[in-house]
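Note sheet for the following structure.
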Amino acid sequence: MRREGWRGAWTVLVAVLAASFPAPSLAEEATRLDPIVVTATRIEQKVSEQASAVSVVTREEIEGKSPVVAGDVLQGIPGVDVQRSGSAGNRENIKIRGGLGTQTLVLIDGFPVNSPTLGEFDVSSLPVDGFDRIEVVRGTQSALYGSNAMTGVVNFLPRKGEMGRQYGAGASGGSHNTLTWKGFGQGAGERGNLHLGANGFESDGIVENDDTSLASFLGSGEVETGGWGRLHAIVLTTDQEKGIPVDFGTPRDLNHELTRRGFLAGARWEMFASEAIAVTASGSVFDEFFHDRDPADPGEVFPFEYDDTTKTRKTILGLQARFAAGRRSTTFLGFEYQKDRGTDTLLSNYGDTVLASSTYNRSVYLQEELRIGAGTGVSLGARLDGNSEAGTEFNPKVAVFQEIPGTGARVRAAAGRGFRVPTLSEKSDPFIGNPSLSPEVAVSWEAGADVVTFHGKGRISATWFYQDFRDLIQFDGTVPGSAGFGELRNVGKAFSRGVEAEADAELLPEVSLLLTYTYTDTWDAANQRRILGIPEHRGTLSLLLHPSPRWEGRIDWRAESDQLDAPPNGGDLRRPGYARVDLFTRYRWEVAGGDFREVSLVGKVQNLFDRTYEERKGFPSPGFHFLLGAEVKI
């Protein structure tokens, strides 16, 4: 379809939806579920009180999709691209509004986990059963979070223990010899709570050497400290063994293997001096270990054999003071220290290299949340970062929202600046690294509107955005570089602009409809083409079913237009568009007086019509596949 056709269809769709839902009264609007979020402003506020575009994946949505890893529940969020390089367990990064994975900051319980060497966080080894919700804030957020928050922030927030004690376990099996298992224990009392969980995933994959083995543990808890404070802590471990069936130069690699381990420990101590003043001290350590092994394949004429071991550590210390001057003003002043360290030992048939490097960052940020009147809010923020390798960066942001009385509608707008410091690898790679690299920069604008409709049972949200990327780090073959054939330089310029929209409505007490759509127009000025890996059109249509209190189901139709990509073994850059249908269901029994409190049967069928497609060019995606299982709570 021509671009004008898509724009026309979108305009008609919004007009029809807006005209068909009557505006609610203020009382009816108050009954609408309004999730509480913390990522956008670092304090708990309703989504309706945010000036930025925010999406929340709730606990109910996580359970409804029976996900294996994080990417399974992030599909369909407006403005967000999560594309998997093949089957579950293969590489999967989060991109927002036309940016790259390195330009999205990923947090786990508020602690950053982007890799010091790669710059991004691969969510393919992150199970999500232990998380309560996932918050996605779109647009530049460097004024609050610093480097990598150029296009947005994704925060995975863990489950909390509930009053009493409860234990549970579950297992599922299905296509491709897939097996998943999980277990948890949780409880809470007057002074604190604790939630512990473990997950596992095993699969043969869809082609030879596509096997995955993944195990994880997630524990989080809180305890009151002396009646004037609260201590929160989290521990996460992941252990993945993965066959790599497709790599550069080998369309079907039979012996490429990857071992990946992660460990996160973090703590946050919040102390209340009074109702108006609070001080929070926090700290975290995130370690990752990669062992990448690729011997020569049979028949390779010019093999590149290597054994590569990478170790990284990210250490962060923070101190934040919060002052609330009544209901109208909340002020934050924060200080952070971050140290990134990485080592890489590469043994290959073309020579061996050993690299070790580190960088540290000191920052101070100031945030003011103003509530000028009923339904009017202003957010002002600025952050100053001093990096040992990239120098000083100043990033401001301003955002406003205004409710329109009596209509159930509000309008909002935001503008800000974001940046990303070069990774350790980009500066020190022995072949194309450049120690003189500067930070990448993005300036973004957005404006949107949200309308509660259909007597509080429907909602429409739309946002226009524009992002201007400057000083992008790209390979430049016109200069010799250290190896004589080019190097990374700050030569890239690009933009992305578009519209992201979402609408949902309760058609019947048992049936709800959810529609999301994203239009993204991008341009890479340095290469004179669209930004790679970003489809122009993307959307989902979901039918949510609750035939009875025990039974719930979901039908998802997902479609993407074509995109330009970077196939690992050359060829046409165009990846064709695709559409697929997925089914999810859960049936629960609540048992009174027995050993089990609840028993559930769960199932899902993905790619129902067995379509042949690729999310990333050169990496085949699974055809029809299913997973069936059971869960118990004690």
Is the shortest side-chain N to carboxylate O distance from Arg371 to Glu369 below 4.0 Å?
yes
Pair Lys314 + Glu288, salt bridge at N-O below 4.0 Å
no
A side-chain contact here means heavy atoms from C-beta on lying under 4.5 Å apart; do Glu336 and Tyr365 qualify?
yes
Residues passing the salt bridge (charged side-chain N to carboxylate O under 4.0 Å, His left out) test with Arg611, sequence neighbours excluded, are none
Do the side chains of Arg574 and Asp565 get close enough for a salt bridge, i.e. N-O under 4.0 angstrom?
no
Does this structure show an ion pair linking Arg84 with Glu92, if we count only N-O contacts that are shorter than 4.0 Å?
yes
Could you pull out all residues at least two apart from Ala390 that satisfy side chain to side chain contact (heavy atoms under 4.5 Å, CB included)?
Asn387, Val421, Pro422, Pro439
State, to 0.1 Å, how close Arg417 and Thr140 come at their nearest heavy-atom pair, and which atoms those are.
N-OG1, 3.7 Å
Quick one: list whatever passes side chain to side chain contact (heavy atoms under 4.5 Å, CB included) with Ala143, sequence neighbours left out.
Lys397
Side chain proximity check, Lys46 to Ile36, heavy atoms < 4.5 angstrom:
yes
Beyond-backbone contact of Arg470 with Glu440, side-chain heavy atoms, under 4.5 angstrom
no
A side-chain contact here means heavy atoms from C-beta on lying under 4.5 Å apart; do Lys617 and Asp572 qualify?
yes
Output yes when Asp476 and Arg489 qualify as a salt bridge under the 4.0 Å nitrogen-oxygen rule, no when they do not.
yes
Check whether any side-chain heavy atom of Asp109 sits under 4.5 Å from a side-chain heavy atom of Pro158, and report yes or no.
yes
So, Thr359 versus Ser388: side-chain donor-acceptor pair below 3.5 Å or not?
yes
